[in-house]
Amino acid sequence: MKKIFKSFLVLALVAVTLVSCDRVAPNYYGVLMQNYGKAGKSDYSKVQGRVSTTFSAGSELFQVPAWEQRAKFTDDNSETEKVLHLKASDNTEFSAKPQYSYKAIEGRVVDLVFQNSRLGSGSDFMRSLEDNVLEPRIYDLIKEESRKYTTDTLMAKGGSLKFEQRVQAIVKTEFEKSGLELISFSSNLDFSKKVKAKIDSRNEVNTNISVLDQEILEQKKRNELEVLRAEQNKIRSSGLTPQLLQQQFIQKWDGKTPLYGDSPMLLKNIK
């Protein structure tokens, strides 16, 4: 009877142990928090496989996806894409609809969980991280950076690309501080119809001015060419005088070669 009881007790303990164990799912990073995290980061450790949490007071298992996460700003409790309202340095309003992707850095996963354990260890850990930590920080960064650009700069050729590259670099640095690798980022900037029309009108004026400047320069060159042609014709019509012919003859004569024809008369006239 005692043997049966002992066997039953052992089986019961094994069953309880198995039930009380959590398992780190495939393609996830596991981080175990112990002692309610009272000792700080030292209470957090990276784990894998089966992990017991029931018989260890204050233990909690966090599971972080190891694959790329894709996200975009959405309104609260909905999947409607959220529009961020920004201002350029000239107080012109414009909007952005950021989209980004990232993944946890395996060697920094303990830091990631330790810094954000207040969000809970449930299946919504990453979504809570996005809503409460990542996206508010992105909004602050993109809003701060937008104040460094004028509307003309942002809407000029390559202007918005330069802005996005700058924001992406800043966001990447901030994500790395949290133990995340930023893979892609897009601000998706947009301006109101009124602003677009104003910029288009200004661009048209600038284009027209550029065309006029080119025409003025072209006409100036044509005028200069006409002057040169007139001078050339004047030289041709008045250049072959008797005096000029005598001078050229003297310059080419060596003073020894016999002179024939009218040559002596030219020299006589020169004297």
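In what follows, every heavy atom counts, from backbone to side chain, and hydrogens, waters and symmetry copies are set aside.
- Rounding to the nearest 0.5 Å places CD of Gln34 at 11.0 Å from CG of Leu61.
- Phe175 has its side chain within reach of Ile138: a pair of non-hydrogen atoms, C-beta onward, lies under 4.5 Å apart.
- Taking all atoms of both residues into account, the shortest heavy-atom contact from Leu84 to Pro98 is CD1-CG, 3.5 Å.
- Rounded to the nearest 0.5 Å, atoms OH (Tyr36) and OG (Ser59) are 8.5 Å apart.
- The two atoms that bring Ile142 and Tyr139 nearest to each other are CG2-O, 3.3 Å, heavy atoms only.
- Inter-residue side-chain proximity for Phe163 and Ser146 is flagged as met; some heavy-atom pair is nearer than 4.5 Å.
- In plain terms, the two heavy atoms of Val51 and Gln48 that are nearest each other are CG2-O, 4.3 Å.
- Glu60 places no side-chain N or O within 3.5 Å of a backbone atom of Val31 that could act as its donor or acceptor partner.
- Side chain of Asp43 to main chain of Lys38: a donor-acceptor pair is present (N/O by atom type, distance under 3.5 Å, no hydrogens or angles).
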Next on the checklist: Please determine whether side-chain hydrogen bond (donor to acceptor under 3.5 Å, both in side chains) holds for the pair Tyr100 and Gln168, giving the CA-CA distance in whole Å, both sets of side-chain angles, and the decisive distance to 0.1 Å.
Outcome noted: CA-CA 9 Å; Tyr100 59 101; Gln168 182 174 355; over 6 Å; no

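- Thr92 is not listed as a side-chain neighbour of Leu154, based on a closest heavy-atom distance of 4.5 Å or more.
- Within a 6.0 Å sphere centred on NZ of Lys148, other residues, nucleotides and ligands contribute more than 12 heavy atoms.
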Item to check | Test log, rule side-chain contact (heavy atoms from CB on, under 4.5 Å), inputs Arg166 and Tyr149 | outcome: CA-CA 11 Å; Arg166 175 58 181 164; Tyr149 294 77; 3.8 Å; yes

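- The minimum heavy-atom distance linking Asn91 with Arg147 is given by the pair OD1-NH1, 3.1 Å.
- Ion pair Lys177/Asp111 not flagged as a salt bridge, since none of the NZ, NE, NH1 or NH2 atoms sits closer than 4.0 Å to an Asp/Glu carboxylate oxygen.
- Between the side chains of Tyr44 and Gln115, not a single donor N or O lies within less than 3.5 Å of an accepting N or O.
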Item to check | Lys41 vs Val110, side-chain contact (heavy atoms from CB on, under 4.5 Å): CA-CA, chis, key distance, verdict | outcome: CA-CA 8 Å; Lys41 188 177 176 181; Val110 172; 4.2 Å; yes

Next on the checklist: Would Thr150 and Asp152 count as a side-chain hydrogen bond (donor to acceptor under 3.5 Å, both in side chains) here? Give the steps.
Outcome noted: CA-CA 5 Å; Thr150 63; Asp152 289 345; 5.5 Å; no

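- Using a 4.5 Å cut-off between side-chain heavy atoms of Ile, Leu, Val, Met, Phe, Trp and Tyr, with links allowed through other members, Ile105 and Trp67 fall into different hydrophobic clusters.
- Of the inter-residue distances, the one linking Phe73 atom CZ with Thr80 atom OG1 reads 15.5 Å to the nearest 0.5 angstrom.
- Using a cut-off of 4.0 Å between Lys/Arg side-chain N and Asp/Glu carboxylate O, Glu106 and Lys46 are scored as salt-bridged.
- One finds the OG atom of Ser42 at 8.5 Å from the CZ atom of Phe114 (value rounded to the nearest 0.5 Å).
- Looking at Thr173, its side chain does come within 3.5 Å of a backbone N or O of Ala169 through a donor-acceptor pair.
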Item to check | Residue pair His85, Val83: steps toward the side-chain contact (heavy atoms from CB on, under 4.5 Å) verdict | outcome: CA-CA 6 Å; His85 297 284; Val83 178; 4.1 Å; yes

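- Nearest approach of Glu130 to Gln69, heavy atoms of both residues: OE2-CB, 4.5 Å.
- A distance of 10.0 Å separates CG in Asn116 from OG in Ser128, rounded to the nearest 0.5 Å.
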Item to check | CA sep, side-chain torsions, deciding dist, call: Gln219, Asn223, side-chain contact (heavy atoms from CB on, under 4.5 Å) | outcome: CA-CA 6 Å; Gln219 186 61 48; Asn223 293 341; 3.1 Å; yes

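- With hydrogens and angles left out, the side-chain atoms of Arg137 and Asn132 include no donor and acceptor closer than 3.5 Å.
- Between Pro65 and Tyr28, the shortest heavy-atom distance links the atoms N-CD2, 3.5 Å.
- The structure places CG of Leu86 at 7.5 Å from OG of Ser95, a figure rounded to the nearest 0.5 Å.
- Between Val167 and Leu141, every side-chain heavy-atom pair lies at or beyond the 4.5 Å cut-off.
- Here the side chains of Val109 and Phe62 are not in contact, with every heavy-atom distance at 4.5 Å or above.
- Judged by distance alone, with hydrogens and angles left aside, the side-chain atoms of Ser186 form no donor-acceptor pair with the main-chain N or O of Gln99 at under 3.5 Å.
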